[in-house]
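None of these values were measured; they are calculated from a predicted model. Below, read A as the first sequence line, B as the second, and so on, with proteins coming before strands; counting in each chain starts at 1.
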Protein chains: 2
Amino acid sequence: MSKKSLPAGLEPPRTLDGQLCFALYSANLAMGKLYRQLLAKLDLTYPQYLVMLVLWEGDGITVSELGERLYLDSATLTPLLKRLQSAGLVQRTRGTRDERQVIVTLTDEGRALRAKAGHVPEEVFCATGCEVDELIRLKRQLETLRSSLIDGNRN
Amino acid sequence: MSKKSLPAGLEPPRTLDGQLCFALYSANLAMGKLYRQLLAKLDLTYPQYLVMLVLWEGDGITVSELGERLYLDSATLTPLLKRLQSAGLVQRTRGTRDERQVIVTLTDEGRALRAKAGHVPEEVFCATGCEVDELIRLKRQLETLRSSLIDGNRN
DNA sequence: CGCAATTGAATCGCTTGCAATTGAATATCG
DNA sequence: CGATATTCAATTGCAAGCGATTCAATTGCG
């Protein structure tokens, strides 16, 4: 539990534009708007797309497991999964071994959507206007930041 | 309008963990949770805190100007500002020169809150566990990314 | 001037995101 | 075995966030 402090004489910024967090917040909003356009053809929202990404990697997992991957809990996932089910993309079935669990499975339609979504990552990459190396570095930094924030929160 | 393409042989990642966007999304969620704790004492949400930051820099601005600073529109800001008004932190008055505009002003209570919020940036800095240089670089990269995404979207 | 186009804010409907609670199934421990 | 604790998902209530629309005020143009 490292307790960091500011280098002497250095003030953390008190203005909007000085804050990392606002850059993070507003970049995320901008990313959300881009995805909204790209995913409109697929009738998916960005969080729904994330769920599909996880399921395409391997379905038949529980709501909890989905939540661990996405850092979301059942209050967010349950309604979202119901919407994906209404759209005919996933199936939700109670587990047989443990009846508390709900197993999420792809339908044929859900599996088929994968092909249609194949072009999305490249379109996003183009919109970033960044070099691959830069994006990889940025990704790693954000993952490190995420870890620190989650650990620190778990005081 | 530079049309970028991938270096030959390099595929954009199709898995969740490979994607920058998810790192951005999940880091932003983690940041939101941290702020929720820090701001609970002040009875502010993070977007409300952002609005207050802008107003502390200089109040008496319109809803549109607030939106330009924060990349938000009136559909988000109007209800948020009404809540800040209910909390006694801001005042909303129709402009005299142009009756379409709504001018947002701090109340004495709103101005007083600034002192209570003074420790927030340092607490956030500590929670990041990062060096100052690193945060500054990260901030700049996110701002560049934000610009590209917004420009690209405005096609 | 007078009317169409534009602009600023508000409103509506929908989807997140989360703290807090609930209810049911399972695990644990005496 | 049986009571208690824990765990999983669902539910509730609230605050964003945004596309689309609406309404009034203003601008612009003939």
J.: Over all heavy atoms of both residues, which pair between B/Cys130 and B/Phe125 is shortest? Give the atoms and the distance, please.
T.: O-CE1, 3.6 Å
J.: How many Å lie between CD on B/Glu65 and P on C/dT7, as a whole number?
T.: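 Answer to the nearest Å: 16 Å.
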J.: What residues, two or more places apart in sequence or in another chain, satisfy side-chain contact (heavy atoms from CB on, under 4.5 Å) together with A/Lys116?
T.: A/Leu42, A/Leu113
J.: How far apart are the closest heavy atoms of B/Leu106 and B/Arg111, and which atoms are they?
T.: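 That would be O-NH2, 3.2 Å.
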J.: Would you please name every residue forming a side-chain contact (heavy atoms from CB on, under 4.5 Å) with A/Leu29, sequence neighbours left out?
T.: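 Expected list: A/Tyr25, B/Leu72.
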J.: Ignoring backbone atoms, test whether A/Thr78 places a side-chain nitrogen or oxygen under 4.0 Å from the OP1 or OP2 oxygen of D/dA10.
T.: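 Affirmative; the distance criterion is met.
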J.: Would you kindly give the CD-to-C1' distance between A/Gln101 and D/dT6, to the nearest whole Å?
T.: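 Going from CD in A/Gln101 over to C1' in D/dT6 covers 14 Å.
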J.: Could you list all the side-chain hydrogen bond (donor to acceptor under 3.5 Å, both in side chains) pairs where at least one residue sits in residues 81-93 of chain A, not counting sequence neighbours?
T.: A/Gln85-A/Arg92
J.: I'd like to check the side-chain contact (heavy atoms from CB on, under 4.5 Å) partners of A/Glu99; sequence neighbours left out, ordered by chain and number.
T.: none
J.: Name all residues meeting the salt bridge (charged side-chain N to carboxylate O under 4.0 Å, His left out) criterion together with B/Arg100; count only those two or more places apart in sequence or in a different chain, and write none if there are none.
T.: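 Result, salt bridge (charged side-chain N to carboxylate O under 4.0 Å, His left out) vs B/Arg100: B/Asp98.
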J.: Where along residues 91-100 of chain A does a heavy atom come under 4.0 Å from DNA chain C, residue by residue in number order?
T.: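 Heavy-atom contacts with DNA chain C come from A/Arg97, A/Asp98, A/Glu99, A/Arg100.
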J.: Taking side chain to side chain donor-acceptor pair (under 3.5 Å) as the definition, give me every residue that meets it alongside B/Glu68, ordered by chain and number, with sequence neighbours left out.
T.: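 Here no residue qualifies.
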J.: How close or far is atom C1' of D/dC18 from atom OH of A/Tyr25, stated in whole angstroms?
T.: 11 Å
J.: Identify whether any heavy atom of A/Thr45 sits under 4.0 Å from a base atom; if not, whether one sits that close to sugar-phosphate; answer base, sugar-phosphate or nothing.
T.: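 Counting heavy atoms under 4.0 Å across all strands, the contact made by A/Thr45 is with sugar-phosphate only.
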J.: Any side-chain N or O of A/Gln48 under 4.0 Å from OP1/OP2 of C/dT16?
T.: yes
J.: The criterion is side-chain contact (heavy atoms from CB on, under 4.5 Å); which residues satisfy it with B/Thr45, sequence neighbours excluded?
T.: B/Pro47, B/Gln48
J.: Using whole Å, report how far CD1 of A/Ile150 lies from P of C/dG17.
T.: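 The answer, rounded to whole Å, is 14 Å.
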J.: Kindly state which residues belonging to residues 79-86 of chain A come within less than 4.0 angstrom of DNA chain C, counting heavy atoms of the residue only, listed by number.
T.: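 Going residue by residue through residues 79-86 of chain A, the ones with a heavy atom under 4.0 Å of DNA chain C turn out to be A/Leu80, A/Arg83.
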J.: Please compare B/Ala75 and B/Arg36 by the position of their nearest nucleotide in DNA chain C and report the one closer to 5'.
T.: B/Ala75
J.: Base, sugar-phosphate or nothing for A/Leu77? Non-hydrogen atoms, less than 4.0 Å.
T.: nothing
J.: I need the OH-P distance between B/Tyr49 and D/dA15, as an integer number of Å.
T.: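 Going from OH in B/Tyr49 over to P in D/dA15 covers 20 Å.
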J.: Separation of A/Tyr46 atom OH from D/dA16 atom P, in whole Å?
T.: 22 Å
J.: Round to a whole Å and report the spacing from CD1 of A/Ile103 to P of D/dA10.
T.: 11 Å
J.: Could you tell me how far apart B/Leu34 (CG) and C/dC18 (P) are, to the nearest whole angstrom?
T.: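 B/Leu34 atom CG is separated from C/dC18 atom P by 13 Å.
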